[in-house]
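Remarks on the structure that follows.
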Amino acid sequence: MSFPHRHLLGIEHLSPPDITTILDLAETYVTLNRQSAKHSDVLAGLTQINMFFENSTRTQASFEIAGKRLGADVMNMAMQASSVKKGETLIDTALTLNAMHPDLLVVRHPHSGAVDLLAQKVNCAVLNAGDGQHEHPTQALLDALTIRRAKGRLHRLSVAICGDIAHSRVARSNILLLGKMENRVRLIGPPTLMPSGIADFGVEVFEDMTEGLKDVDVVMMLRLQKERMDGGFIPSEREYYHRYGLDAQKLKLAKPDAIVMHPGPMNRGVEIDGTLADDIHRSVIQEQVEMGVAVRMAAMQLLAGNLASARALA
Ligand code: NCD
């Protein structure tokens, strides 16, 4: 398996064969994870540190389970309680941890670019678990695996990404990945939630769900990221749901077998109807969570395999 990378910082740096390598390896972990004995020792002896400077439920749990199933020693740093609160800089925290010889560092940070910066200062593999509004590569990879399994392929599909595109690192990583794999991406949302210059990414932009959802294979809903807004982006949640909330009625515009996705956490009744989110015939939201563990196991295995040579060159 060739995976010529030291870190996993963004989909931006991956080639189509790199993406396929991760997804193919992840398939083997989907099988392992469904067995009662789920343990492997591919990361035995290695130390994984999870540093989450922003809240997370599923991503942090998923990375922790992934590391433990592969036999790594996993430590979760409680960043709320750490010296960061005392004013230590990100780089000082990283250097302190680096001196403890971790092998894998999983980092989530509220600032775009912070994880890349940190990766330049440490002697281990860094995985970006979401940096500001920039990238969230393992989310796009788990979404890709979910789509590939549901649709039988990951090319020539029409995928609508809907809602708060402007604040979403999930949207950015997915746009990059789906584009690299030769799919058609449509972005649907109000102009206030659409980043400027987005059409340069080779996507089609729609303001209206009725037009945008027409005949798509995949509908990916995004959370309205209220914590990243300082007012004025939407008239009201009620109005937003009326225009942009996905319900069974709007879903009829997509292909009859279109799947519904959401990275979580969901605002039920704001961007998606709760009953539709739970409809196992249309929604693959729980599969996305399942694929997340498998994809993170695969990514960590591939990076661990490159550690020795990366360190020899450093
Ligand atoms: C996303 C994130 O944190 O970027 N969640 C996740 O990782 N599952 C999306 C979001 O917060 O809306």
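All figures in this text were calculated on a predicted structure; none of them were measured in a lab. Atoms within a ligand are numbered from 1 in the order they appear, just like the ligands themselves. Residue numbers run from 1 in the order of the sequence given.
- Applying the salt bridge (Lys or Arg N to Asp or Glu O under 4.0 Å) rule to pairs touching residues 303-314 yields D103-R311, sequence neighbours excluded.
- R108 places a side-chain N or O within donor-acceptor distance of the main-chain N or O of N55, the cut-off being under 3.5 Å.
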For ligand 1, which of its N or O atoms have a protein N or O partner closer than 3.5 Å, and how long is each gap?
unit_1	atom_1	unit_2	atom_2	d
ligand 1	3 (O)	R108	NH1	3.3
ligand 1	3 (O)	R108	NH2	3.2
ligand 1	3 (O)	R169	NH2	2.9
ligand 1	4 (O)	R169	NE	2.7
ligand 1	4 (O)	R169	NH2	3.3
ligand 1	5 (N)	G264	O	3.0
ligand 1	7 (O)	T59	OG1	2.9
ligand 1	7 (O)	R108	NH2	3.1
ligand 1	7 (O)	H136	NE2	2.7
ligand 1	8 (N)	Q139	OE1	3.4
ligand 1	8 (N)	P263	O	3.0
ligand 1	8 (N)	G264	O	3.2
ligand 1	11 (O)	R223	NE	3.3
ligand 1	11 (O)	R223	NH2	2.9
ligand 1	12 (O)	R223	NE	2.7
ligand 1	12 (O)	R223	NH2	3.4
ligand 1	12 (O)	Q225	NE2	3.3

Report task. Output, in order, the C-alpha distance, side-chain angles, deciding distance and verdict of salt bridge (Lys or Arg N to Asp or Glu O under 4.0 Å) for K226 and E237. Result -> CA-CA 11 Å; K226 295 177 230 171; E237 283 184 6; 3.0 Å; yes
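- The distance from the NE2 atom of H109 to the CG atom of L118 is 8.5 Å, given to the nearest 0.5 Å.
- The distance between the ring centers of F233 and H167 falls below 6.0 angstrom.
- Within 6.0 Å of the CZ atom in R153, the count of heavy atoms belonging to other residues, nucleotides or ligands exceeds 12.
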